[in-house]
Every structure is written in structure tokens, then in C-alpha cells.
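Data block below; observations after.
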Amino acid sequence: MTEDATKNEPSPNQPKLNQIVSAIESHVGQDALIDHYINKLSKDVPTIVANPNTYYSIAKLLRYDEQLNFAYLSELHGTDFETHMEIYVHLHSFNMNQSVALKVKLDRAAPVIPSLVPLWPGANWPECEAYDLLGIDFREHPDLKRILLGDDWKGYPLRKDYQPYDVEV
Amino acid sequence: MIKDLLHSAPSLLNFGIYFGLAVLLLFVVLGFVTYGILSERKIMGFMQLRIGPNQIGGKWGLLQTVADVLKLLIKEDTIPKKADRPLYILAPVIAFAPAFMVLATLPFTDAFQFADIGVGLLYYVAISGISTIGIVTAGWASNNKYSLIGGMRAAAQMISYEIPLVMSLVGIVLLTGSLNLNDIVAAQEKVWFIFLQPIAFIIFMIASVAELNRVPFDLPEAESELVAGYHVEYSGFRWAFFMLSEYVYMFAMATLTTVLFLGGWNSIPFLDFIPQAIWFGLKFSAVFYILVWIRVTFPRLRADQLMEFGWKVLLPVALANIFLTAIIKEIVNLF
Amino acid sequence: MSVSGELIAFFGLALVAILGGVLLITLTKVVHMVIALVFTFLSIAGIYLLLSAEFVAIVQILIYSGAITIVMLFGIMLTKHRENDEPAKGGWQRFFLLLAIAGFAVAVYLGIYNLDIPVQPTALHEENTKQIGIELFSKYVIPFEVMSVLLLVALVGAIVLAKKDDEEGDRS
Amino acid sequence: MLRTEEMLLNVGPQHPSTHGVFRLVIKIDGEIIKEATPVIGYLHRGTEKLAENLQYTQIIPYTDRLDYLAAMTNNYVLCHAVETMMAIEVPDRAEYLRVIAMELGRVASHLVWWGTYLLDIGATSPFLYAFREREMIVNLLTELSGARLTFNYMRVGGVKWDAPEGWIEKVAEFVPYMREQLAGYHELVTGNEIFVNRVKGVGIYTKEEALQYSLSGANLRCTGVKWDLRKNEPYSIYDRFTFDVPTREEGDAFSRYHCRMEEIEESLKILEQAVVQFPEGPILAKVPKIIKVPKGEAFVRIESPRGEIGCYIASEGKKEPYRLKFRRPSFYNLQILPKLLEGENMANLITILGAIDIVLGEVDG
């Protein structure tokens, strides 16, 4: 995915990405980000890939930094990439009039990540959904439950190795 | 005629006459309910761009209600396992019996009336209150939370709106000097009370709609909140009893409005060649139409707003109306 | 005494009234008791009616069967209450109870038997309500007004009670 | 001393006012709600899981079933995501058809909301009036797509069918008619004192809360946030129309009502301009028979009647998406409900829930 960003001419969003990245590097740390690029496929959205350890602090910075101020969580979901789990968070800042995609790669065997609910209460149900369908454990989530499938469901359907419990269907 | 019967010694003949008259009234009322429901549905259909019933009994759907009632009678009678069985069975009866009792004092024409008692006006209000006990009991006995809330609301609403209802009528009583419904009609031979007591009329209309538990005051059975309120668990003929009593009350309330404010069977001047019964029917139908119209037009009030409106608006206005009427009456008396 | 409709009606009503009273005592569920009470009230109203006291009868229904019972039902249904956990009474206690009831019955019987109210001819059947009104506002004005003060006190008391509960709720 | 008993009440999953199979467990003290817990998932059909084994065109019918009251926008968001990733230029005529269909859908959706909301509040007639107009829209869309609700009309790169003869004229005629009816609606309902008393000041939240809870659509705009993706992140051809984004400041149920009613008017404006500008030309871009999206991922979002609907596609370059995810606005909007209901009157439950305007097919996905 990283190749797309470096090809062709620079995107108009490049300065904004640079601004975000420099803010993160100065406040959270030089090695806070694993990767950052412009996703040409997705309307040039600046995409940053966080380290699981720094994920929460980066999110906190994005939320509360006066310049960045990503006040609106538009989307949060997980994906099972077979080699790893990934959480995709789409944030929007009305200040910068800019969206950013925050991603984090998790260990597939034990996907554990801090919850974003303290920062954006709107992350509550999406995180429950990711837990329900993918089995990602969000730490310090106020009420992590199987929101769609119900408590007695076995397995996590959106994992690629999911075997349907009811074979007939 | 009836008065003489009351004072005579009981005999089988008298009993037979009584029974016959009661059955006659029952059929009149049932006939009204049948076609009252049909006409309500037709009017609602007309106002809501629908056709209304048009399948059973020709294109007017004349037998629709009959079919509905028959269906209700042969439906399974379910009693929830955890319901309070004796009260569950008793409740529709308590709600239903007073509905017919109130009809006894209502004068339809000067000849067609069953009991001419001195306190006819209060009689209506008092007896109709008993139905509320039936509704509360039904709500409690069903052992269902929705019906319990519905029953509670019915009780609160009835207590709150009975007071302005009676208070609005005190003005009429002051002008007539009697609680007797016949006297009240007689007092309206020249001018109807709707013109002498316009404020009272408005209060009475509002409070009567509330007493009838109809939109916009149908909180005890608000289907969007309480599913069906106090009769959620009822089915078949027990449910029919509640519905029947509701429509009998509508019949009674429309009659009462006609008698109290529209001059009962009195005719408009120069048109008194038209029989009294027809005059009564016309006025009655007008009131009925307005009741349906209100139902089609308005959204529902909220329970607390309902209470506030009853106590903080209707009651003070009704009291002011009494005050005003008394003063005017005294001033007129002076000259 | 000839059999007239009035007599039949009286016995019917009296029977319902007594039955209601007995049921009120014997039934175990509070709501059932209240419903029994309603029947007693209603039949008493019927007896008033037989005595040509129309106004009193109607007010009986309006206030007792209507308003008061509903308020009672309201209270019972909305509040917590423990049902049928009265401790069984001992034999002696029961004996004294019976004795007391018997004594009371004898006293009432003697009282009524010896009672001699001077009968004065009244036109009760006509304008019953008007007569009550005239009596009330001429002869009994002071008791009437005092009664209204009493009701006002009760009203204020009710508000104070409800309010106190509110504050407690806030603290807890 | 005078303590009342707390009750646990199950509202739904079968209840006339939950607008579908939605369950709400509420703890009430008298008629005051102490606590509300929404329970969802009764309508979960696993659209996202199913999509992993389907080709892109085959997924379109499934999107119809998410928000079944405004299926055109759902169609569009999937096509738009694929088109964005494949960089397909959609022909003008197709875009106009899409916009007309989506705006008609928006009007229809708001009409259903208006009717059912009034039904929740206890007025029965507005529902039937709203459905009279909605029926006309549904008929128009049926002529266009062949289906009443589940249109399956859009395709990657354009639309399935061209507008039939005289269709555009019918849309043009519908606009003034709808305006007239809208004035009637306002006359019947908006000024009604009972209605105003029921909704005014009910279910208030602030701008900050709305943003925190990721609300979108009229639920966000009613707090004064002028945010509409059609204006702020223009997609399709929305930059060619002049229209306004209605906002209110109060953040109560009444302001949401106003926002939606005004949105109908704005949609009519767009329709009016679209039928005038409507161009000739092809209705489908040149796309390969079997669509293969390049390897990578994309997230696009557009404005549905209920708010921000998004589509995330992760592709491995195959015929099927590797992962497909919809950002369903109702799912996000519903999150604020427990907070709004706390301490409210029972009767307000329906008013508040109705004002959020959820479609359960979309909440459960």
C-alpha cells in the first residue's frame, strides 16, 4: 500500500499529512508511527499507521491538539488481514476541514487495544461491533458486549478462518 | 309512565314492561354503537384519503361492524396465566355496566326518558366514574406493565378531568337553578346555553373528550407508547366489552352535550314542525362528528402536560366562569 | 309490610353491602379488598337513593366509589406492600375479640331499638338538593366553613409529606 | 415512606413505535425513566460477511436492504467506493439520473419519517397524507428501476436503465406539487400547539455532545453544525446545484423536525435544477465485464437521508472485496439514545426515539 503514496505527483493533502505527522512526532515520539502516506485510492486521505503502544496517545493528540482537533469520529472498524488484525479509524477535523485515517495493526492471536470511548463516546458501539464480529478486545471499554449477535454466539464471523457453527446454512 | 311504574306494587307484568324497555334501549344503543363505529371509520376514511369499510354489506360496508362483533364473540378468550383471575374477569363488567346505567337519566325527547331524577347531571358524572375503577382493575389484573401504566393513567386522568367537567357545568346550574336535565332543556327553549355559556362549552368539550379517553387524551391506551394500555391482554368478548363501553360513553357524552348546550330536542324557531327526535338526532350527530374530527386532527398530549392542562388551565378557567356567571346573574336580577 | 319493589331492592342492596364488608375482611389481596369496598359503597348509595336522598347517594358514589377508591388503588398499586404476613392470633385473643363483637352488637341493637326520633313530615322527594343547600348555608354555615379549613389543612399536610419524601430521596 | 416501586420494562422487540425489531430495556420509577439499555441485532443479516463471497455488482442488491427507506443512497455509496478506487469517470447523464433518484429517495424517506413520527405522537392522519406523496415518488422510482423499495438500480460506472420516455417531465411536475403539499403539512402540524409542546425542548443535546457521539445528518445539523457531505465534501455532481444546508441551534426534537422538513425543500430545489440541466449521453461508463478493484483500500462517505453513510473496501485485486464495511448512520446515531432517555418521562421515550430517525435494517447491518 505504501507504494501508491510515493508514486506520481504529490497530493494536495501532502502538507496536511506532514503537519499531522510532525505534530505526532514532536508530541508522542519519533517512532510513534510505523508508517504514513496519502491513500490515493481513497480520495487522497492522509493515512497514518500507529504502533499499538502509541495508538491511544496518538488518538488523544489528534483529538485534543488545538491545531488538529479531530473532534469527529466518522468510522471505526476492524479487518482481519490473516497476517494481522487491523483497526481503521476515520477521523474528521472541522478546524482543518480534513479527514485522516488512523490505522493500527494488531497481533492476530491476541488482538488487544485501548478503547477510544474516553476520547469519542461515539466509538462505543463500533468497538462493540468489532469485538462481536472479529474478537478484538478493547481495553477499558465501558460496556464491551456482543452487540449484534448475542452473548451465546460462538466464534467471530468476520475472521477469515471462521467456521459457521450452524453448518447447514 | 315510568314514574307510575316505579311506585306501583311489583308484579310480573311490571317486570316484563321494565325488561322490555331495557331491552329496547339496549338495542337502540347497540344499533348506535354498530353504526357509530361504522360512521366514525367512514368519516376518518374520508378525512384521511381512504375509503373506509366497503366490502361487507354493500359498498357502504353496512355490515362491517356486525361482522367485527361476531368475530370478537367467537374469538378465543385468553386469560394470562399470571393474571389475577377473578379481577380479570370482573373488570370488563365493572367498566361496562355503568356505561348503560348512565343512559337511564338522559332525556332524548320529552317523552323518551327512563328516569327523571333531580340530580341527573351529577348522576352521569358519578356513575361514569365507576367505569374507571373497572379500567384500573383491568390494568392491574392483567399483570402486565403496559396495562398497569395504562390503568394508572386512566385513574389520574379521570380524577383530574372530572373536576373541570363538573365545574364547567355549574354555570348552567346557576342559570337554570336545577340539576335536573329536563329542567335544563326546558331553560333552553329560547336561547341555547352554548351562547350563554361559551366558555363552559369549550371547557366541557375538552374535558369530555378527556373523560372519553379519546385522542388527543387517549393516554390510557396510547398505542404508540403503551401498545394498547389497560386492555393489552384482553381478547375476544372481554375486549369487546371495553370497546362497547367506550362507544356507549361516546353516545352518552354526545347526548349530554346536546342536552346541556345545544338545547336538547328544542327546535330552531319557526322550524318546530320537525319532530323533536329529529332535532335531537341532528344535534347529536353534529357533536359526534366533531368528536371524530378531533380524533383525526390532533396529536396526543403527554401525560404530565395533560395533568398540567387540567389543573392549571381548565380548572381555573372553569372557576372564573362560575364567578362571572354568578356576578352577571346577580346584576341581571337587580334590574 | 307488603312486598314492594322498594323492599326487594333494599334487601338486595343490604345483602351486597354486608357481603362487601365481609369480603373486605376475609380477602387476602389488598386490591380485592378495595374492590369489595367499592361494592359496599355502591350499595350504600343505593340505600340512600331508596331513602330519597338523591344528592347524598350521588355524592357517595362520586366521592367514595369514584375518587377515594381510585386514590386507594393508585397508592396500593404504585407502592411496595407486603401481603398476608399477619401473625396468627392466639386462642385467648380470639375469644376476647368475639366477646367484644357480641357486646358491640347488643349495645347497637339496644340503642337502635330504643331510639325514638320524632318524625316530622318533610317533602324530601322534592328538590332534595335545594333543601340540602338551604340547610347548609343557613343553619350549618360555621361547621361547613370549618370543614373547608380542615380540608385545606389536609391538603397542605399532603404537600408537606410529599415534599419531605422528595428531599430524602435527594439525600440518599 | 411514600416510595414508589421501580419497574423493569421491555419496550420491544415487538412494539408499535420502535420502527422495527428494536428492543429497549428501561427501568422506570412511575413514569420516569431511570435507565435505558438498547438491545439491537434482531435484524442482523451479516451483509458484510456475505459480501466477501460476492462480486461487486452482486453486492448492490444487498445494500438495498440496509436502509430500505432510502435504498438509492446505499446503492450509490457502494458504486462510488468502487468507482473511486478504479478511477472511473461516470457519464453525466448517469450522474444526473443517480442524483435525481437519490434526492427523490431522500424526500420519500423524510416523508415516511414525518408520517410515522406523527403517528408516534398520536396523530393518525399525517401518516396517510405523507404516504400519498411518497406513493408518487415510489411510483416514479418504480418506473425508473422496476422495483418499489429494493431498487438495485445503480451499477459501477453508471445506472442500469435510462429514464423511460416522459419520466423527467413527471419529476418536474412532481416538484411544485410536493411544495404545495409541504405547505399543507406545515399548516396541519408544525403550528399545532399540542405537537409543539410534545417536541419542543425534548431530547436536547449540545453541539459538542452531537459531535462526540458521532451523530450525523439532521441529528447533527439540529445543533447548529452546518455539515452536509453534499456541500462539504462534494461528490457526484452536487457542486453543480445551488441549495442550502438547513440548520437549527436548539438541538431538540423540534429542531430535528425542522431540519428534515427544510431538507425536503432543499431536495426539491436540487430536483428542480437537475431536471432542467438533464443532459443527453450514455448512462454507463466503459467498465470491464468483471470488475476487479485494484489492491488497496478506500473509505468514502456520502450524505444519506439519515446521515453520513460510508463504505470501506479493502481489496486484494480480486473479483470479490476482501473486506467490505458500511458505516451505517443509524447505528451511530442510535448510540446517544440511553443518554437522552435518562431521567425522561415515559411518553418522551417515543418522541426522542422517533426524532433520531433510525431504520433497523441499517442499525443491524
Side-chain angles (χ1 to χ4, degrees), chain B residues 40-41 43-52 139-140 143-157 206 209-210 213-229 232 292-309 312-313, chain D residues 4-12 14-19 25-28 30-33 115-133 135 181 187-190 192-202 344-354:
Chain B
E40 179 172 20
R41 291 175 69 177
I43 297 168
M44 282 177 72
F46 157 70
M47 288 180 175
Q48 298 180 337
L49 319 161
R50 300 183 283 122
I51 301 165
W140 191 80
N143 199 7
N144 177 312
K145 286 157 185 168
Y146 287 116
S147 56
L148 180 62
I149 297 173
M152 291 292 137
R153 283 186 177 181
Q157 187 171 325
I206 295 172
V209 174
N213 291 341
R214 286 174 64 85
V215 174
F217 303 101
D218 62 339
L219 289 144
E221 46 189 301
E223 72 278 351
S224 59
E225 295 153 27
L226 303 180
V227 191
V232 182
V292 178
W293 191 4
I294 289 174
R295 173 173 173 184
V296 178
T297 312
F298 287 118
R300 184 182 301 119
L301 262 82
R302 205 170 62 209
D304 55 327
Q305 290 169 345
L306 177 96
M307 292 297 144
E308 248 182 63
F309 185 66
K312 291 187 181 166
V313 180
Chain D
T4 49
E5 205 174 340
E6 274 189 7
M7 289 208 276
L8 210 60
L9 189 64
N10 256 311
V11 182
Q14 302 295 334
H15 186 281
S17 296
T18 51
H19 299 237
V25 183
I26 54 174
K27 203 185 272 174
I28 50 173
E31 290 216 9
I32 302 296
I33 299 169
T116 50
Y117 191 50
L118 266 294
L119 202 60
D120 289 347
I121 291 180
T124 42
S125 302
F127 181 73
L128 290 138
Y129 299 140
F131 264 59
R132 171 184 56 187
E133 271 74 71
E135 195 62 26
Q181 297 307 321
E187 232 167 90
L188 178 67
V189 173
T190 311
N192 185 309
E193 197 154 336
I194 299 175
F195 174 72
V196 174
N197 277 331
R198 283 296 301 274
V199 292
K200 204 166 189 169
V202 170
E344 274 290 349
N345 193 304
M346 257 283 282
N348 281 347
L349 184 155
I350 301 305
T351 327
I352 292 171
L353 176 65

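Here is how names work: the chains are called A, B, and so on, in the same order as the sequence lines, proteins then strands, and each is numbered from 1. As a basis for the values below, the full set of heavy atoms in this structure was taken, side chains included, without hydrogen atoms, waters or symmetry mates.
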Report task. Decide side chain to side chain contact (heavy atoms under 4.5 Å, CB included) for D/N348 and B/R302; before the verdict, give the C-alpha distance in whole Å, the side-chain angles of both, and the deciding distance to 0.1 Å. Result -> CA-CA 8 Å; D/N348 281 347; B/R302 205 170 62 209; 2.9 Å; yes

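For D/R198, the parts lying under 4.5 angstrom from a heavy atom of chain B are both the backbone and the side chain. Both the backbone and the side chain of D/I121 come within less than 4.5 Å of a heavy atom of chain B. When heavy atoms are compared at a cutoff of 4.5 Å, D/V202 approaches chain B solely by way of its side chain, counted from C-beta outward. Contacts of D/N197 with chain B are made by both backbone and side-chain atoms, with heavy-atom separations under 4.5 Å. Only the side chain of B/R153 has a heavy atom closer than 4.5 Å to any heavy atom of chain D.
When each of D/T351, D/V11, D/V189 is scored by its heavy-atom pairs under 4.5 Å with chain B, the top score falls to D/V11. When the candidates D/L349, D/L128, D/L188 are compared by the number of heavy-atom contacts under 4.5 Å with chain B, D/L128 comes out ahead. With chain B as the partner, the residue from D/N192, D/L118, D/L119 showing the most heavy-atom pairs under 4.5 Å is D/N192.
Between the CD1 atom in D/I28 and the CD1 atom in B/I149 there is a gap of 3.5 Å [rounded to 0.5 Å].
Of all heavy-atom pairs between D/T124 and B/V296, the closest is OG1-O, 4.4 Å. Smallest separation of non-hydrogen atoms from D/N10 and B/Y146: O-OH, 2.9 Å.
Enclosure of atom CG in D/L8 by more than 12 non-hydrogen atoms of other residues, nucleotides or ligands within 6.0 angstrom is indicated.
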